[in-house]
Amino acid sequence: MGSIETRAVLQELCNRIKEENVPLQVAAVSPDNVFSVFGVIRKEVPYCRVLLYLIQNHWQSFEKTVLNGCCDGQPLKQSENEFACEAPCSMYDKEGRIDIFLRTENHIVAIEAKVDAGNQEHQLARYQKYLSDMYSGQKDIEIHIVYLTMTGYKPDEYTRVCKKCTENCEAGNVMSISWEGDVCDWIETIINREQSNSIAEQFLEVLQLERNNPMSEHI
């Protein structure tokens, strides 16, 4: 099919979707997909809650593959969504919440997840500072800041560094991972291993809307 014919087919599809007033994200997934039913496709909070649920049930494989074994294979002791992060110092009084907080015996993992939201000023630096202060009395604790975005791009200085005072706080060795690549690949292994996991399957379906979809840009 030539480019002119392809464009015509795509245009017809767009017209039909508009005429029937069907949101594109709903039209692109199976009709019984719970993310579509509740209208939470590309919504950060439900994505993080489902991801944490899968992490809790498949921690060993997540730690080994997605986190590259950064926790030395230790069992998961604590896991929370929206972990309260207080103001790290008097020069910066903004509080926040860490999207996904994970703890093993000797490791802390703070995952900042982005779906459609942009970077926040000093965000990762604040998390690093707060957690470092919180666990300062435990020398055997290692803190890992993880930046989860759709494509896995690296955080810029705007969110990694704070220069409000002479301390120049910084989240140094940030691990960048992606929904489209790392998380999708991991969920596929869950599905292949268990044969049936409806939550994982439906979550993978919505995440794959952005991956390997040559029509999405045109539509």
With salt bridge (charged side-chain N to carboxylate O under 4.0 Å, His left out) as the rule and sequence neighbours excluded, what pairs involving residues 99-114 come up? K77-E105, E112-K114
State whether the number of non-hydrogen atoms from other residues, nucleotides or ligands found under 6.0 Å of Q60 atom CD is greater than 12. no
The reported gap from CG in L102 to CD1 in I55 (rounded to nearest 0.5 angstrom) is 5.0 Å
Provide the closest heavy-atom pair for V37 versus P31 in the form atom of the first, atom of the second, distance. CG2-O, 4.0 Å
CG-CD1 distance between L51 and I111, expressed to the nearest 0.5 angstrom: 6.0 Å
Going only through I, L, V, M, F, W and Y residues with side-chain contacts under 4.5 Å, is there a path from V45 to F38? no
Considering residues at least two apart in sequence or located in another chain, which fulfil the side-chain hydrogen bond (donor to acceptor under 3.5 Å, both in side chains) criterion with E80? Q78
Over all atoms of both residues, closest heavy-atom pair of I187 and A200: CG2-O, 3.4 Å
Using only heavy-atom distances, determine whether the side chains of E180 and T151 contain a donor-acceptor pair under 3.5 Å. no
What's the verdict on side-chain contact (heavy atoms from CB on, under 4.5 Å) for I191 and E188, showing C-alpha distance, side-chain angles and the deciding distance? CA-CA 5 Å; I191 296 169; E188 285 178 341; 5.6 Å; no
I'd like to check the side-chain hydrogen bond (donor to acceptor under 3.5 Å, both in side chains) partners of N173; sequence neighbours left out, ordered by chain and number. none
To check you understand the geometry: which heavy-atom pair defines the closest contact between A125 and R160, and what is its length? CB-O, 3.2 Å
Can you name the residues that form a side chain to side chain contact (heavy atoms under 4.5 Å, CB included) with P46, not counting sequence neighbours? V40, K43
Can you list the residues that meet the side chain to side chain contact (heavy atoms under 4.5 Å, CB included) rule with D116, with sequence neighbours excluded? R42
Where is the tightest heavy-atom contact between C184 and L204, given as atom of each residue plus distance? O-CD1, 3.7 Å
Quick one about N106 and E142 (side-chain donor to acceptor, distance below 3.5 Å, no hydrogens or angles considered), yes or no? no
Which heavy atom of I100 sits nearest to which heavy atom of C48, and what is that distance? CD1-O, 3.8 Å
Output all residues satisfying side-chain hydrogen bond (donor to acceptor under 3.5 Å, both in side chains) with H144, sequence neighbours left out; order by chain, then residue number. H107
Salt bridge (charged side-chain N to carboxylate O under 4.0 Å, His left out) pairs, two or more places apart, involving residues 48-73: R49-E82
Would D133 and K129 satisfy salt bridge (charged side-chain N to carboxylate O under 4.0 Å, His left out), going step by step from the backbone distance to the final call? CA-CA 6 Å; D133 290 348; K129 169 69 172 174; 3.5 Å; yes
Hey, does S61 have a side-chain heavy atom less than 4.5 Å from the side chain of R193? yes
Ring pair (Phe, Tyr, Trp, His ring centres under 6.0 Å) partners of residues 42-78, not counting sequence neighbours, each pair once: Y47-W179, Y47-F203, F62-W186
In chain order, what residues pass the side-chain hydrogen bond (donor to acceptor under 3.5 Å, both in side chains) check against E44, with sequence neighbours excluded? none
Which pair of heavy atoms, one from S178 and one from G152, lies closest together, and at what distance? CB-N, 3.3 Å
If only side-chain N and O atoms count, and only distance matters, is there a donor-acceptor pair under 3.5 Å linking Q123 with Q128? no
